[in-house]
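Note that the numbering runs from 1 along the sequence shown for the chain. These numbers come from a predicted model, not from an experiment.
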Amino acid sequence: MEVHQTDSLQLPRSVVAIGAFDGVHRGHQAVLREMVKNSHLEGVQNVVYTFYPPPRSYFQGAQVLTTPEKKIQLISDLGVEHIVLAKFNEKYLQRTAEDFIEELSLLNPVRIFVGDDFRFGHKRVGDVHLLKEHFPVQSINPICSMDGDKISSTRIRELILQGKREQAAPLLGWT
């Protein structure tokens, strides 16, 4: 598994998953396993494009669930071949939606996995619809826990802040 900076990876074809993946929780794990499986079926390399710090942490001060090193290790353990770790900072925020699409073009994606609410580019002008104009995109459906609630980094953070680590641990799936 290799870790890359933005704009430093070029591939002839790939399958890509994009997201914050903070916590690399059971929902993320399901998506990444599906992405890896899809890349094997397509006979191409796979890439996770992620951010540090996570956007929610950068903008809202939310607790970060995994250090970059832990996130990389957890993602790598799922069979991911490449990780693009974007430094989410003021400079990155100035990039246009077109800049992001141009960078993704270097990966020649045959499929991109992304959440329905994904936004990108300066002032969040890019969305899933714009991404679909350039690439084959597969939207990610929320993954739910046994109680039927959506597994999310936000939910895990709330449980931890409430002192309910024993309820957060099964959602993470790696603690």
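Within the 3.5 Å criterion, the main-chain N or O of Gln63 finds no donor-acceptor partner in the side chain of Ser57. A donor-acceptor contact shorter than 3.5 Å is absent between the side chain of His4 and the backbone of Ile83. Under the 3.5 Å distance criterion, the side-chain polar atoms of Arg119 are matched with a main-chain donor or acceptor of Gly126. Of the possible donor and acceptor atoms, one in the side chain of Lys71 sits under 3.5 Å from a partner among the backbone N and O of Ala20. At least one donor-acceptor pair under 3.5 Å links the side chain of Thr50 to the backbone N or O of Gly19.
The six-membered or imidazole ring of Phe88 lies near that of Phe59, with a centre-to-centre distance under 6.0 Å. Residues Tyr49 and Phe100 bring their aromatic ring centres within 6.0 Å.
Note that CG of Leu171 is 10.5 Å distant from OG of Ser153, once rounded to the nearest 0.5 Å. The CD atom of Glu98 sits 11.5 Å away from the OG atom of Ser105 when rounded to the nearest 0.5 Å. Taken from CG in Leu159 to CZ in Arg157, the straight-line distance is 11.5 Å, to the nearest 0.5 Å. Here the CD1 atom belonging to Ile72 is positioned 5.0 Å from the CG atom belonging to Leu85, to the nearest 0.5 angstrom. Separation of atoms CZ (Phe51) and OH (Tyr58) is listed at 13.5 Å; rounding is to 0.5 Å. Residue Met146 holds its CE atom at 10.5 Å from CD1 of Ile151, rounded to the nearest 0.5 Å.
Listed here is the closest heavy atom pair of Gln45 and Glu81: CA-OE1, 3.0 Å. Pairing each heavy atom of Phe135 with each of Ile101, the nearest pair is CZ-O, 3.6 Å. The two residues Asp116 and Val128 make their nearest non-hydrogen contact at O-CG2, 3.4 Å. Shown here for Pro54 and Val64, the closest heavy-atom pair between the two residues is CD-CG2, 4.0 Å. Residues Asp22 and His28 approach most closely at O-CE1, 3.3 Å, considering heavy atoms. For the pair Ser76 and Met1, the tightest heavy-atom approach, listed with the atom from each and the gap, is OG-CB, 3.6 Å.
A side-chain contact (heavy atoms from CB on, under 4.5 Å) with Val84 holds for exactly one of Gln5, Glu2, Glu103; it is Glu103. Test Leu74, Val48, Thr66 against Phe21 for side-chain contact (heavy atoms from CB on, under 4.5 Å) and you get one pass: Val48.
Taken together through direct or relayed side-chain contacts under 4.5 Å among Ile, Leu, Val, Met, Phe, Trp and Tyr, Val16 and Val110 form parts of separate hydrophobic clusters. When hydrophobic clusters are built by joining Ile, Leu, Val, Met, Phe, Trp and Tyr residues whose side-chain heavy atoms come closer than 4.5 Å, directly or via intermediates, Val137 is not grouped with Met35. Cluster membership check: Ile112 does not share its hydrophobic cluster with Val80, using side-chain heavy-atom separations under 4.5 Å among Ile, Leu, Val, Met, Phe, Trp and Tyr. When the side chains of ILVMFWY residues are joined at heavy-atom separations under 4.5 Å, either directly or via intervening members, Val24 and Phe118 end up in two distinct hydrophobic clusters. Linking ILVMFWY residues whenever their side-chain heavy atoms come closer than 4.5 Å, directly or via other members, leaves Val15 and Val47 in distinct clusters.
The closest side-chain heavy-atom distance from Leu130 to Phe120 is below 4.5 Å. Looking only at side-chain heavy atoms (C-beta outward), Gln94 and Asp99 stay at 4.5 Å or farther from each other. Counting heavy atoms from C-beta outward, Leu78 and Gln29 have side chains that approach closer than 4.5 Å. Inter-residue side-chain proximity for Lys132 and Ser139 is flagged as met; some heavy-atom pair is nearer than 4.5 Å. Side-chain contact between Leu65 and Ile160 is present, with heavy atoms from C-beta onward closer than 4.5 Å. At least one side-chain heavy atom of Arg95 sits under 4.5 Å from a side-chain heavy atom of Asp7. Counting only heavy atoms from C-beta outward, the side chains of His82 and Leu11 approach each other to under 4.5 Å.
Between the side chains of Gln73 and Asp77, at least one donor N or O sits under 3.5 Å from an acceptor N or O.
For Lys70, the NZ atom counts as densely surrounded, since its 6.0 Å shell holds more than 12 non-hydrogen atoms of other residues, nucleotides or ligands.
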Using the rule given for side-chain contact (heavy atoms from CB on, under 4.5 Å), can you reason through His134 versus Leu104, listing the C-alpha separation, both sets of side-chain angles and the distance that settles it, and then say yes or no? CA-CA 10 Å; His134 298 273; Leu104 287 178; over 6 Å; no

Verdict with reasoning, Leu107 to Leu9, per side-chain contact (heavy atoms from CB on, under 4.5 Å): CA-CA 7 Å; Leu107 304 175; Leu9 178 61; 3.7 Å; yes

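One finds a salt bridge joining Asp147 and Arg155 here, because a Lys/Arg side-chain nitrogen approaches an Asp/Glu carboxylate oxygen to under 4.0 Å.
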